[in-house]
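When a ligand or atom number is given, it counts from 1 through the structure's own listing order. Reckoned from all heavy atoms, side chains included, excluding hydrogens, waters and symmetry mates.
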Amino acid sequence: MKRHSWAEPFKIKMVELLKMTTPNERKKVIKEAGYNTFLLKSEDVYIDLLTDSGTSAMSDRQWAGMMTGDEAYAGSTNYYHLEDAVKKYYGYKYLVPTHQGRGAEHLISQILIKKGDIIPGNMYFTTTRLHQELAGATFVDIIIDEAHDAENEFPFKGNIDINKLEALIKKYGAKKIPYVCVATTVNMAGGQPISMENLKAVRALTLKHGIKIIHDMTRVAENAWFIKHREKGYAKKSVASIVKEICSLTDGGTMSAKKDAMVNIGGFLAINDWDVFEEARNMVVIYEGLHTYGGLAGRDMEAMAIGIAESVNDNHMDARIGQVLYLGDKIKEIGIPIVQPTGSHGVFLDASKILSQLSQDEFPAQTLAAELYLESGIRSMERGVVSAGRNIKTGKNHYPKLELVRLTIPRRVYTQAHMDVVAESVAAVYDRRKK
Ligand code: F0G
């Protein structure tokens with residue numbers, strides 16, 4: 001018999017006990033939180049699917065690495081270990097550590113963007129776009145149209161629409177476009193991957209025009225897993241080799257190591273251009289800390305170096321994505337509308353369909369997230385009009401096409417039984433959606 005099931009390539013040696021709440025307790029605390037799951041206290045949460053960011057379980061090796069922290073102000077041994085890991089697994093030449101991803105976004109945006117520039121991207125992440133805007137750029141979404149359609153099952157909904165990119169270059173001129181921001185995988189689209197073929201086409205076009213590619217590499221190993229399993233010619237390649245190939249098609253990356261690399265805090269800017277590196281390592285001193293620690297302790301950099309190596313392991317990634325797909329399949333089987341296909345780091349409920357009686361100004365996704373907490377103490381995250389932010393000039397809401405609730409799965413934290421409880425709770429809320 002062919003074996004179809006996956007299981008975790010680890011066993012559990014320490015557990016964190018959880019508080020179980022009653023419906024009345026939940027009613028009280030969600031009201032106090034203004035029905036905003038971000039304002040709940042974590043001790044009142046049973047299964048915390050707010051985010052996969054900084055919430056993963058570190059391995060025994062990562063914890064052991066924490067004990068070898070070299071807390072020197074300058075030139076910490078752990079910085080050099082991290083530099084080695086970034087070179088070995090991602091192939092980028094120069095490293096500037098930052099306290100997390102947005103620290104790196106701040107540096108690269110300030111260095112590469114001039115007022116009036118255009119930054120095209122395959123959708124956006126909230127902090128990434130805001131840093132681009134604060135540096136004076138206008139962000140333009142050039143993701144393929146399929147990404148805005150929750151039901152479309154295209155396997156690479158993170159792809160860039162090459163025609164949209166060409167049209168932008170024609171309209172504004174390459175000089176106004178310092179870089180294209182390419183995310184692997186695309187969080188706001190539902191954790192959707194970009195294909196290698198598409199990335200190669202973006203590389204060819206940008207090279208022709210002298211435009212850089214800055215890679216939001218936060219979930220690059222997860223993207224690589226999808227390429228391995230969905231793109232022709234990659235089935236026999238390792239996640240590690242695909243990760244390296246992706247990075248080789250870009251000029252540098254901003255990393256939130258709180259995701260793929262499974263640390264509780266940390267990130268970096270990695271870049272191949274010496275001049276940009278020089279500017280970034282001068283600037284990081286002002287905003288984060290000296291260039292050999294960038295807002296982190298030595299121990300954090302050590303855990304990150306080890307976590308990067310663990311993140312590109314094929315068995316790890318099979319179990320990681322396997323668990324997310326398991327939850328996605330369960331919820332889909334019940335007939336509840338979710339973003340298709342299930343993405344890398346969570347299951348995204350289509351709140352505009354589930355609560356179709358609500359207009360976007362009535363925050364359907366925020367409402368659904370609050371109801372799910374009331375149901376069973378599961379915390380999820382709104383990814384809709386609230387997360388989309390306000391127009392920087394007018395203060396008015398942005399209206400994203402997708403109004404989603406994200407059930408984000410931390411890595412190596414919850415069991416399959418937890419996933420079953422989540423699916424059952426979503427089903428219970430769905431059953432009373434008309435009320
Ligand atoms: N880019 C992507 C694609 C992200 O998902 C995030 C964070 C960042 C950049 C910023 O990194 O948080 O380390 O500063 N996403 C988290 C989330 C917060 O819940 O999706 P950071």
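- Residue-ligand proximity, R219 to ligand 1, at heavy-atom distances under 4.0 Å covers atoms 3 (C), 4 (C), 5 (O), 20 (O).
- Side-chain contact of E105 with T128: a donor-acceptor pair under 3.5 Å is present, judged by distance alone.
- The distance criterion of under 3.5 Å between nitrogen or oxygen atoms is not met by R383 with respect to ligand 1.
- Considering each of T51, T127, D52, the one bringing a non-hydrogen atom nearest atom 10 (C) of ligand 1 is T127.
- The contact set between ligand 1 and R406, taken as ligand atoms under 4.0 Å from a residue heavy atom, comprises 17 (C), 19 (O), 20 (O).
- Looking only at protein heavy atoms, the nearest one to atom 21 (P) of ligand 1 is Q100 NE2, 3.3 Å.
- Both the backbone and the side chain of R102 come within contact range of ligand 1, each with a heavy atom under 4.0 Å.
- Put simply, the side chain of R406 never gets that close to the backbone of S380: no donor and acceptor are under 3.5 Å apart.
- The cationic group of K157 does not satisfy the cation-pi geometry with F154, failing either the under 6.0 Å distance to the six-membered ring centre or the 45° limit from the ring axis.
- Interface atoms of ligand 1 facing K258, defined by a heavy-atom separation under 4.0 Å, are 13 (O).
- The distance from ligand 1 to the heavy atoms of E105 drops below 4.0 Å at these ligand atoms: 1 (N), 8 (C), 9 (C), 10 (C).
- A salt bridge is absent between R26 and D44: the closest approach of a Lys/Arg side-chain nitrogen to an acidic carboxylate oxygen does not fall below 4.0 angstrom.
- Salt bridge absent: E133 and K393 never bring a charged side-chain N and a carboxylate O closer than 4.0 Å.
- Between L205 and L165, some side-chain heavy-atom pair lies under the 4.5 Å cut-off.
- Which parts of ligand 1 touch T218 is read off a 4.0 Å heavy-atom cut-off, strictly below it: atoms 1 (N), 2 (C), 9 (C).
- For E151 and K353, the salt-bridge test passes: some basic side-chain N is under 4.0 Å from an acidic carboxylate O.
- In this structure, atom 13 (O) of ligand 1 lies nearest to the protein heavy atom S256 OG, 2.6 Å.
- The option from D216, L50, T128, N187 that lies nearest to atom 2 (C) of ligand 1, judged by heavy atoms, is D216.
- Close contacts of ligand 1 with G101, meaning ligand atoms under 4.0 Å from a residue heavy atom, involve 11 (O), 13 (O), 14 (O), 21 (P).
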Where do Y293 and Y73 land on the ring-ring contact (aromatic ring centres under 6.0 Å, His included) test, with the steps shown first? CA-CA 8 Å; Y293 76 84; Y73 191 86; 5.1 Å; yes
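- The backbone N or O of L40 sits less than 3.5 Å from a side-chain atom of R379, completing a donor-acceptor pair.
- Taking distance alone, with nitrogen or oxygen atoms compared against 3.5 Å, K259 approaches ligand 1 more closely than that limit.
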